[in-house]
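Just below is one structure, and these are the notes that go with it.
Side chains are part of it too, since the values below use all heavy atoms of this structure and drop only hydrogens, waters and symmetry mates. Letters A, B, ... mirror the listed sequences (proteins, then strands); counts begin at 1.
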Amino acid sequence: MHVDITLPDGSVRNYESPVTGYQIAESIGPRLLKDAICVEIDNKFQDLSFEISENINVRIVTTKDLDALHILRHSSAHILAQAVLNLYPNAQFGVGPSIENGFYYDFLFETPIKENELENIEKEMKRITKSAQKFVRSEITKKEAVKIFKNQNLKLELIESAESDEGVGEEIVSTYTNDEFIDLCMGPHVPSTSVLKHFKLTKVSGAYWRGNESNVQLQRIYGTSWFTKEDLDQYLIQQEEAEKRDHRKLGNELDLFTSSEELGSGNFLWKPKGAVLRDVIESYSKKAHLQNGYSLVNTPHIGKSILWETSGHLDHYSENMYPPINHEENNETYYLKPMNCPFHILVYKNDLHSYKELPLRYFEFGSVYRYEKTGVLHGLLRLRGFTQDDAHIFCSTDQINDEVKTLLSFSVNLLGSYGLTEIEADLSTKPKKYIGSDKDWDNATNSLKQSLTELEVPFQTAEGEGAFYGPKIDLHAKDAIGRRWQLSTIQIDFAQPDNFDIEYVNSENKKSRPVMIHRALLGSVERFTAVLLEHYAGNLPGWLSPIQIDVLTIGNVNEYAQTIIDDLKSYRVNLDDRNIRLGEKLHNSEKSKTPIQIIIGEKDASSNTMAVNIFGKENMKDVDYKRAINSIKKSLKEPEFSLDG
RNA sequence: GCCGGAGUAGCUCAGUGGCCAGAGCAGCCGACUUGUAAUCGGCAGGUCAGGGGUUCGACUCCCCUCUCCGGCUCCA
């Protein structure tokens with residue numbers, strides 16, 4: 001018997017049947033055999049030892065392949081479990097997949113392990129990889145599996161619940177064995193433990209069994225694993241780079257914001273420089289909104305309970321709301337607002353609206369308060385009190401299409417103005433539980449999809465992830481080191497207009513119900529500030545920087561300095577005229593990441609020149625006064641906002 | 001909320017079951033009058049997160065609370 005194997009280049013090779021991936025790779029070349037990790041047969045990954053006995057397409061997956069990294073990491077997870085069980089024979093082991101940049105495995109230890117034990121586990125892993133054990137796949141019956149894993153309760157649970165991901169079918173269970181170690185697994189795996197060379201255990205943390213809060217909490221050990229030392233090193237360096245960019249660290253170093261034990265979790269205090277930064281960010285956005293058909297509204301921080309009953313927040317969102325504020329004398333209950341929409345609806349309701357007014361767009365920097373669980377708080381990225389650049393658009397159903405398109409383009413351009421130009425979207429569609437008609441959902445979802453397509457925003461569809469009241473688009477921006485941050489959200493809402501019974505008078509003089517679009521583009525000003533700080537590693541572009549220019553003097557040139565400052569009075573200028581060396585002034589200016597330094601001494605005063613350092617550009621000396629001022633103004637210019645840009 | 005780790009001067013960090021807890025930077029005072037990346041000297045600065053307990057003695061050991069860090073869960 002012979003089989004015809006078709007390779008990715010279209011060539012067909014003929015082999016004795018059955019043939020394995022090994023044999024195919026070997027027949028093509030020794031180099032390929034050396035780099036081979038697994039095979040892809042008919043879109044399914046299999047071990048190199050998998051026997052092929054039909055005419056089929058086969059691709060040899062090598063270490064160069066992105067798919068191979070997942071397999072490497074999956075195998076790394078196995079060896080982690082093997083090492084842990086060797087060292088802690090009474091540990092229970094759960095599941096261990098490959099994840100972005102690495103892998104993890106979940107364990108239940110008799111006594112919780114500590115981070116410093118990772119070193120030892122890593123050592124045992126090294127021993128296992130050096131001994132070059134083969135990964136051997138076998139299929140056994142559930143009965144046999146139950147016998148083998150009789151002391152492993154977590155595995156028994158997996159066997160009983162038939163998780164195909166974990167190698168458990170209706171009757172047959174797939175396992176991998178190397179040395180004494182056996183685990184449930186679909187595979188494939190790298191051929192031998194010796195393929196693992198460049199890995200590192202990174203941290204240990206808690207994780208709920210099967211991701212369910214009400215289940216037992218396991219200990220998760222994380223690691224990273226790569227084919228080459230260079231890749232591993234690069235990853236570790238990138239981690240360090242991310243740490244340097246941490247907005248919490250930068251916020252402290254640059255004097256932007258602080259927190260306080262007395263203040264409590266989830267809120268920050270903005271220091272003068274940070275407040276300026278926020279204000280610049282907000283002002284720019286506000287201007288863009290006013291130029292693009294939005295009206296500014298302003299609403300308070302608390303509202304009576306009836307409001308939150310009507311909006312449904314007390315039914316659907318009370319877990320995330322701060323406890324009520326009771327005024328006993330008046331028998332009134334108030335709540336801090338977790339969202340701005342009910343207030344904007346009240347503004348809308350105050351007037352009778354004609355179809356001629358629509359779409360009506362109400363915009364506000366609205367501070368909201370959500371009682372987030374302590375464990376999720378994270379610097380400015382996840383707060384209990386934060387400010388949304390929030391707007392609610394009231395429009396007719398047939399305006400949704402145009403409105404969403406305008407909005408999407410507005411958002412992409414706005415984010416781009418701040419320097420975030422790589423945008424990707426998630427489109428969340430109708431969930432199982434929803435309100436409104438299928439027709440409305442389809443139309444709205446199509447509007448969103450069509451806008452994304454027309455504006456060429458790359459997007460993924462998250463089926464069933466929409467809110468119960470309408471579909472949504474989330475925009476993510478990629479930062480300078482490739483991290484993805486969720487920023488904008490655009491949500492169509494069929495529910496609130498009903499809840500509040502809002503209306504407009506249509507062209508036939510009949511009452512009609514508008515649709516609402518909720519949208520926040522920066523998301524939260526606090527969060528957005530943090531993202532910008534991390535994106536720019538603290539080196540904010542000139543127009544955003546809290547201090548834009550440091551004027552550094554040498555000797556007594558105060559009069560000349562004053563002339564310069566007067567000519568730059570619409571900018572944020574700081575004068576350092578202390579009697580210290582220039583080197584120290586430069587050092588301080590550098591540390592505060594001021595984008596422009598003007599250096600003037602008596603020489604400059606007499607020749608009407610200055611030295612100018614512009615961050616990221618060359619340092620210039622003896623620059624003519626006018627030319628210097630012009631080039632400074634040019635480099636501090638805020639980006640023009642236009643929807644075509 | 002859960003698991004694990006941590007909290008020492010304004011900041012970054014040393015340190016020990018036992019005399020008065022240290023350094024650098026920042027601050028203040030003085031000298032230096034400075035041209036491209038930290039000038040020198042001095043001074044001051046701490047209820048060792050807060051509270052309780054064990055002990056002859058606690059910053060150190062135990063318990064509780066607060067805050068932070070890494071995750072999990074959550075994220076209209």
Side-chain angles (χ1 to χ4, degrees), chain A residues 104 106-109 111-118 202-222 243 246 248-249 252-253 255 258-267 311-313 315-317 319-321 338-341 368 370-379 381-383 388 390 428 431 465-470 472 474 486 489 491-493 495-496 518 520 523-524 527 552-557 577-591 597-604 609-613 619-622:
Chain A
Y104 67 77
D106 288 345
F107 302 95
L108 187 58
F109 290 95
T111 50
I113 63 155
K114 295 187 176 165
E115 202 127 314
N116 59 23
E117 293 171 63
L118 292 184
T202 49
K203 59 196 166 203
V204 50
S205 76
Y208 297 107
W209 171 233
R210 312 186 103 176
N212 188 333
E213 211 175 348
S214 52
N215 282 348
V216 63
Q217 190 153 42
L218 311 175
Q219 277 193 295
R220 175 168 298 177
I221 299 177
Y222 285 92
E243 234 170 83
D246 192 314
R248 293 164 298 190
K249 207 176 133 154
N252 194 25
E253 285 168 5
D255 255 343
T258 185
S259 60
S260 154
E261 211 171 301
E262 293 103 304
L263 181 65
S265 298
N267 284 290
S311 70
H313 281 86
D315 281 340
H316 293 105
Y317 202 67
E319 257 181 51
N320 278 298
M321 289 168 73
M339 292 182 200
N340 300 300
C341 31
V368 295
R370 300 179 183 175
Y371 197 83
E372 303 280 3
K373 291 174 177 179
T374 50
V376 307
L377 300 170
H378 185 95
L381 295 173
R382 193 81 182 264
L383 295 167
Q388 294 179 308
D390 207 1
S428 300
E465 292 294 311
F468 69 90
Y469 52 70
K472 64 170 181 175
D474 293 319
Q486 200 209 304
T489 175
Q491 307 185 357
I492 294 174
D493 184 350
Q496 291 297 13
H518 307 243
S524 123
R527 184 182 154 82
L552 314 180
T553 62
I554 305 154
N556 187 2
V557 288
D577 59 357
R578 293 174 299 168
N579 277 330
I580 55 171
R581 273 156 228 250
L582 178 62
E584 190 171 346
K585 295 187 186 190
L586 282 163
H587 175 79
N588 289 329
S589 179
E590 163 84 358
K591 226 173 55 177
Q597 294 149 351
I598 294 176
I599 299 152
I600 44 169
E602 277 156 32
K603 230 166 63 187
D604 296 294
T609 58
M610 62 186 86
V612 183
N613 299 343
N619 298 350
M620 302 171 283
K621 278 184 186 169
D622 305 319

Validation row: A:I113, A:I221 side chains within 4.5 angstrom (heavy atoms): yes
Nearest-neighbour nucleotide for the A:S265 side chain, B:U67, B:A76, B:G5 considered: B:U67
Base paired to B:C13 (Watson-Crick or G-U; both N/O distances under 3.5 angstrom): B:G22
Separation of atom CD in A:E584 from atom C1' in B:G27, rounded to whole Å: 13 Å
Nearest listed nucleotide, side chain of A:K472, among B:A76, B:U36, B:G70: B:A76
A:N252 side-chain proximity, nearest of B:U36, B:A76, B:U12: B:U12
pair A:H378-A:R248: side-chain heavy atoms closer than 4.5 Å: yes
Between P of B:A76 and CD of A:Q491, the distance in whole Å: 8 Å
No-H, no-angle donor-acceptor pair, A:R370 side chain to B:C74 base, under 3.5 Å: no
B:C2 base / A:Q217 side chain donor-acceptor hit below 3.5 Å: yes
Who pairs with B:U34 - Watson-Crick or G-U, where each distance is under 3.5 Å: none
Distance between C1' atoms of B:C43 and B:A26 (Å, rounded): 15 Å
A:I599 side chain reached by A:N619 side chain, heavy atoms, under 4.5 Å: no
Ring-base stacking, A:Y317 with B:A76 (5.5 Å, 30° cut-offs): yes
Side-chain-base donor-acceptor pair under 3.5 Å for A:R382 and B:C75: yes
Heavy-atom closest pair, residues A:Q217 and A:G206: NE2-C, 3.8 Å
Side chain to side chain, A:H518 and A:K472, heavy atoms closer than 4.5 Å: no
For B:G70, the Watson-Crick or wobble counterpart (both distances under 3.5 Å): B:C3
A:N588 CG to B:G27 C1', straight-line distance once rounded to whole Å: 13 Å
Any donor-acceptor N/O pair under 3.5 Å between B:A37 base and A:H587 side chain: no
